[in-house]
Asker: 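Dumping the structure here so I can ask a few things about it.
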Amino acid sequence: MASMENPDQTKSGDEEKHVTRKLGGLKTMPFVISNETFEKVASFGLLPNMILYLTNEYHMSIATGANVLFIWSAISNFMPILGAFLSDSFLGRFLVIALGTVTSLIGMSLLWLTAVFPQARPPHCDSPMTESCVKANSAQLAHLFGSFVLMSIGAGGIRPCSLAFGADQLYDPSNPKNKRVMQSFFNWYYASVGLAIMISITVIVYIQDKAGWVVGFGVPVGLMFISTVMFLLGSPLYIKLMPNKSLFTSFAQVTEAAWNNRDLVLPPMESGGAIWYFHKGSKLITPTEKLRFLNKACMIRSPEDIDMDGRALNPWNLCTVKQVEELKALIKVLPIWSSGIIIAVTISQQSFPVLQANSMDRHLIPGGLKIPAGSFGVFAMITLTIWVAAYDRIVVPLLSKFTKRSQGLSQKERMGFGLIISCVATAVAGLVESKRRAAAIRQGLADNPYGVVHMSAMWLVPQHCLIGLAEGLNAIGQIEFYYSQFPKSMASIGVALFTLGMAVGNLIGSLIVSILNKVTKTHGRVSWVSNSLNKGHYDYYYWLLTALSVINVFYYLLCIWAFGSTENGNKVEWDEGDGMEDELEADDHAKGKGSPIVFPH
């Protein structure tokens, strides 16, 4: 169903595009990437040693501390859904990133104050693992958890929008090499984040080990302040695409309209677009065949459904074809998204590897540099960064000669290989922990949770490297996959899906630890996740993750088989570039210019 277009809108659109050409581009990348980089250095620098801070300073058990960190990570990864909703639907990406950056700075400052003031923590205890120490009171926990929540809210503003905001600055559909440029941007952006995390889990963790918590938490506060300033300084140079509608409202409208029109009989697809409702100029004039029951939402019952200007009289009874296809795009990727939850549990293993490393010989060479226990995760980041750089510059050119595809491996192939490698990573972790525990018992350390086993912590490196490689394949593949399946207006929601998978993975990880701790210590037995690594069975924990990961690989194969069948003959050509037009039309209507199209808000 076409709608009329007035001269004011066309003029405004041309002016907007002219202004846009002067903005964005490579000159904005230092500000965008520095914001993400400093935020990652600051926030991820706090995580590796946090299990030691919680057990030593707040006297939590290992299981409790691990659950706190799992839940904190879950909230940090869940909040991007809210951030994506606000950015795509109401505030725009720039404002959401700016607010998130400031909120993170406040949260980190509050955490730093817990280290500065002794009154913010329980009284000091020399051996919290073996002694009965005073626990933190409600006010102290409220202060600590409040800082975690604020940092999570800040992460919710930065993480779903930063990547998409950077893509906004470079996206140029008129460039024939745009697809390759965007793929390189994704890879190098992720590599810069990997480099930032490497710095955080080496330099920041080293500072915490050597200079204490006050300085160790103070440095991230300073870095977060720099992140805030850098991002705001680039404001005059950015392309700032404002939201054109509430996507969540749109999804609800499609669902209700399809239900309200459930009594309608869908015509054969070859009947054309005469009965479908769409806006003038849209490429989406006929809905796709799959998830066909939703097509009733954009089916015109009678001429009375629309007014003289071509607008739907009730958007809860009649939606556009584009709205229907946006909801379909989200629904179709959900099975593949769910296959990323178990690998998220593997990637999120922060606490236990740190405690393992803390109980082993951490000298790089005998008598040489002693690596902080929280810094072993750097090997995962080194592997990820090397893989991304090598893949983009070496692997892709080689593979493209055989696959005839410019991107080398497909997105789904990379996700699959990442899942397989994650199985190997957890299996290796189980073998190493079994060897470490056996060595501890042989050396008489079964009853000494603070004893150092005469076994090099470098045995932990292979599992970290494998996890880094698995993340480099699966995580980047996921983000590119979502970006390719959604229109540009849903870009932030696409990125937030990945972080939502990480959030659910963290909750599953917390649930696994809680269940294991409860079940395995019945009848007087020692818990698998005991406060004493030498008495517990953390190797069994890793074997359980391996079994779940193997099952997940087969589940993923089923998902991509099902998704492939939905793609055939149903490729959607989105109205890329209509975001600005939609925004202008809605804005012009609000100013009384008579736009015949009303977008729901």
Side-chain angles (χ1 to χ4, degrees), residues 34-60 64-65 68-73 75-77 79 97-125 128 134-159 196-232 350-351 354 372-375 377:
S34 66
N35 169 257
E36 178 80 358
T37 300
F38 283 117
E39 188 271 338
K40 283 290 186 290
V41 172
S43 60
F44 280 81
L46 297 173
L47 190 57
N49 273 343
M50 190 56 67
I51 185 64
L52 300 178
Y53 189 63
L54 296 181
T55 55
N56 294 336
E57 302 298 330
Y58 280 81
H59 311 154
M60 295 182 185
T64 301
V68 167
L69 296 184
F70 268 129
I71 293 172
W72 178 27
S73 296
I75 297 173
S76 297
N77 285 310
M79 290 306 295
I97 294 173
L99 292 174
T101 303
V102 173
T103 305
S104 287
L105 177 60
I106 296 172
M108 289 182 188
S109 299
L110 284 178
L111 178 64
W112 175 56
L113 292 178
T114 67
V116 172
F117 298 108
Q119 298 85 351
R121 308 184 307 276
H124 178 71
C125 183
V134 178
K135 302 296 183 182
N137 60 40
S138 298
Q140 292 166 339
L141 290 177
H143 185 171
L144 176 69
F145 294 158
S147 68
F148 288 169
V149 169
L150 285 174
M151 285 187 281
S152 295
I153 293 173
I158 298 171
R159 294 179 187 177
I197 296 175
M198 279 194 287
I199 294 173
S200 70
I201 59 183
T202 52
V203 178
I204 303 299
V205 169
Y206 183 83
I207 291 173
Q208 291 168 358
D209 277 13
K210 296 300 181 182
W213 299 114
V214 175
V215 178
F217 288 168
V219 171
V221 172
L223 292 174
M224 199 64 222
F225 177 77
I226 296 174
S227 172
T228 305
V229 172
M230 285 295 292
F231 183 74
L232 296 178
Q350 302 286 346
S351 305
V354 172
S375 293

Asker: Just how far is it from atom CG of Leu52 to atom CH2 of Trp213, taken to the nearest 0.5 Å?
Answerer: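 Going from CG on Leu52 over to CH2 on Trp213, the span is 5.5 Å.
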Asker: CD1 of Ile71 to CZ of Phe145: how many Å apart, nearest 0.5 Å?
Answerer: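 The distance works out to 8.5 Å.
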Asker: What residues, two or more places apart in sequence or in another chain, satisfy side chain to side chain contact (heavy atoms under 4.5 Å, CB included) together with Ala142?
Answerer: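 Ala142 satisfies side chain to side chain contact (heavy atoms under 4.5 Å, CB included) with no other residue.
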Asker: For Ser227, check side chain to side chain donor-acceptor pair (under 3.5 Å) against everything at least two apart and list the hits.
Answerer: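 Ser227 satisfies side chain to side chain donor-acceptor pair (under 3.5 Å) with Asn35 only.
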Asker: Please give me the minimum heavy-atom distance between Ser200 and Gly45, naming the atom from each residue.
Answerer: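 So the two residues come closest at CB-N, 3.5 Å.
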Asker: Looking only at heavy atoms, what is the nearest atom pair of Ser375 and Ile201, with distance?
Answerer: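 For Ser375 and Ile201, the tightest heavy-atom pair comes out as OG-O, 2.5 Å.
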Asker: For the OG atom of Ser109 and the CZ atom of Phe217, what is their distance to the nearest 0.5 Å?
Answerer: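 Going from OG on Ser109 over to CZ on Phe217, the span is 13.0 Å.
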Asker: Can you name the side chain to side chain contact (heavy atoms under 4.5 Å, CB included) partners of Ser351, sequence neighbours left out?
Answerer: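 Residues passing side chain to side chain contact (heavy atoms under 4.5 Å, CB included) with Ser351: Ile51, Ala66, Leu69.
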Asker: Roughly how far apart are Leu223 CG and Ile199 CD1, rounded to 0.5 Å?
Answerer: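 Those atoms lie 9.5 Å apart.
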Asker: Decide yes or no for Ile75 and Phe148: does some side-chain heavy atom of the first lie under 4.5 Å from some side-chain heavy atom of the second?
Answerer: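 Heavy-atom side-chain distance check fails, nothing below 4.5 Å.
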Asker: Specify the closest pair of heavy atoms between His59 and Lys135, including all atoms of both residues, with the distance to one decimal.
Answerer: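 Reported closest heavy-atom pair: O-NZ, 2.6 Å.
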Asker: For the residue pair Ser104 and Ile158, what are the closest heavy atoms and their distance?
Answerer: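 That would be OG-CD1, 4.2 Å.
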Asker: Could you work out, with side chain to side chain contact (heavy atoms under 4.5 Å, CB included) as the rule, every residue matching Ile106, not counting sequence neighbours?
Answerer: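 Result, side chain to side chain contact (heavy atoms under 4.5 Å, CB included) vs Ile106: Val102, Leu150.
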Asker: Could you list the residues that satisfy side chain to side chain donor-acceptor pair (under 3.5 Å) with Asn49, not counting sequence neighbours?
Answerer: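 By the side chain to side chain donor-acceptor pair (under 3.5 Å) rule, Asn49 matches Gln208, Asp209.
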Asker: For Tyr58, enumerate each residue passing the ring-ring contact (aromatic ring centres under 6.0 Å, His included) test, keeping only those at least two apart in sequence or located in another chain.
Answerer: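 Here the qualifying residues are Tyr53.
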Asker: Take a 6.0 Å sphere around CH2 of Trp112 and say whether it holds more than 12 heavy atoms from other residues, nucleotides or ligands.
Answerer: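 Atom CH2 in Trp112 is not packed in, count stays at 12 or less.
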Asker: Is there a side-chain contact between Pro122 and Gln140 (heavy atoms, below 4.5 Å)?
Answerer: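 Yes, their side chains come closer than 4.5 Å.
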Asker: If I take atom CG from residue Leu141 and atom CZ from residue Arg121, how far apart are they, to the nearest 0.5 angstrom?
Answerer: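 So the gap between those two atoms works out to 13.5 Å.
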Asker: Are Val68 and Leu144 close enough that some pair of their side-chain heavy atoms sits under 4.5 Å apart?
Answerer: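 With C-beta onward as the side chain, the pair stays apart.
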